[in-house]
Amino acid sequence: MMCPVYNTSLLKRVLDYYEQRLSKAVEMSIPQASDHPHYPVYREMVLRVETLRTGILYADALVAFMKDDDLFVYIVRYVNSLFQKTSEEETQDEVMKALESCSTQENCVWKDLLDAMDRFTGQYDYTQVPLFYVDIIHYVVCALRLFLVVREAVYNVDRGKLEAYLQQ
């Protein structure tokens, strides 16, 4: 079964979900109280919002690099950057363990990312630039979906609700 083709509209819906939650946190004055019990959740949501905003801008900017010989280098660097530690409080080992735990064939988000990567075989027709653009955006969106799943494994802030947003 072929996975659906994702684009930035999915990321925008997830971003909206997190921005609504951040607004509630601001209304509760959580950003001003680092000793508040929900402050770590707030910080994690800020990270996710910033990453999603950057990811959407990144995906939108890729069109300008479609003919660049280093396009895949840029994409690989960006995707790799998603799975780095994000604060002094966490270790790279934690992030890698979370990534490893999510990297199973049973995980549909991991499987979608692998399917997106598998599109770029030796037989891929890179001269079909519009389709190529759609496929690289799909790959970037799949990587961001996995980022969210890994972040949820590192720091559970969604209490089981994230998966529904990632499948829409």
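For the numbers below, each heavy atom of this structure counts, side chains included, while hydrogens, waters and symmetry mates do not.
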*Leu99 and side-chain contact (heavy atoms from CB on, under 4.5 Å): which partner among Leu146, Val154, Val149, Leu82?*
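With Leu99 as partner, side-chain contact (heavy atoms from CB on, under 4.5 Å) holds for just one option, Leu146.
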*Taking the side chain as C-beta and beyond, is there a heavy-atom pair between Phe147 and Leu52 under 4.5 Å?*
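Not touching, per the 4.5 Å side-chain cut-off.
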*Would you call Leu47 and Glu44 a side-chain contact if the rule is heavy atoms closer than 4.5 Å?*
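Result yes, sub-4.5 Å side-chain heavy-atom pair found.
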Looking only at atom types and distance, does a side-chain atom of [X] sit under 3.5 Å from a main-chain N or O of [Y], one as donor and one as acceptor?
| X | Y | answer |
| --- | --- | --- |
| Arg48 | Arg151 | yes |
| Asn107 | Cys102 | yes |
| Glu152 | Val157 | yes |
| His138 | Tyr6 | yes |
| Gln20 | Leu15 | no |

Distance, nearest 0.5 Å, that separates [atom1] of [X] from [atom2] of [Y]:
| X | Y | atom1 | atom2 | answer |
| --- | --- | --- | --- | --- |
| Asp115 | Trp110 | CG | CH2 | 11.5 Å |
| Leu62 | Tyr139 | CG | OH | 11.5 Å |
| Met117 | Arg119 | CE | CZ | 12.0 Å |
| Met96 | Glu100 | CE | CD | 8.0 Å |
| Ile30 | His38 | CD1 | NE2 | 6.0 Å |
| Ile137 | Cys142 | CD1 | SG | 11.5 Å |

Looking only at heavy atoms, what is the nearest atom pair of [X] and [Y], with distance?
| X | Y | value |
| --- | --- | --- |
| Asp60 | Tyr133 | O-OH, 4.0 Å |
| Tyr124 | Asp135 | OH-OD2, 2.6 Å |
| Phe83 | Val150 | CE2-CG2, 4.0 Å |
| Asn80 | Gln84 | O-NE2, 3.0 Å |

*Would you check if the distance from the ring center of Tyr74 to the ring center of Phe72 is below 6.0 Å?*
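When the ring centroids of Tyr74 and Phe72 are compared, they turn out to be at least 6.0 Å apart.
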*Could you state whether Val63 and Leu11 fall into the same hydrophobic cluster, counting links through intermediate Ile, Leu, Val, Met, Phe, Trp or Tyr residues with side-chain heavy atoms under 4.5 angstrom apart?*
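Yes, because Val63 and Leu11 connect within a single hydrophobic cluster, where side-chain heavy atoms sit under 4.5 Å apart.
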*Sidechain N-carboxylate O distance under 4.0 Å for Asp16, Arg21*: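 Arg21 and Asp16: not salt-bridged.
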*asked:* Please determine whether a side-chain nitrogen of the Lys or Arg among Lys24 and Glu19 lies less than 4.0 Å from a carboxylate oxygen of the Asp or Glu.
replied: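 Looking at Lys24 and Glu19, the cut-off is not met.
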_Among residues at least two apart in sequence or on other chains, which ones pass side chain to side chain contact (heavy atoms under 4.5 Å, CB included) with Asp93?_
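Once residues adjacent in sequence are excluded, the partners of Asp93 under the side chain to side chain contact (heavy atoms under 4.5 Å, CB included) criterion are Thr91, Lys97.
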_No-hydrogen, no-angle side-chain donor-acceptor test under 3.5 Å, Asp158 and Tyr18_ =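 A donor-acceptor contact under 3.5 Å links the two side chains.
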*asked:* Going by side chain to side chain donor-acceptor pair (under 3.5 Å), name the residues that satisfy it together with Tyr58, two or more places apart in sequence or in a different chain.
replied: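 Listed in chain order: nothing, the list is empty.
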_Does Asp118 have more than 12 heavy atoms from other residues, nucleotides or ligands lying within 6.0 Å of its CG?_
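Enclosed: over 12 neighbouring heavy atoms sit under 6.0 Å from CG of Asp118.
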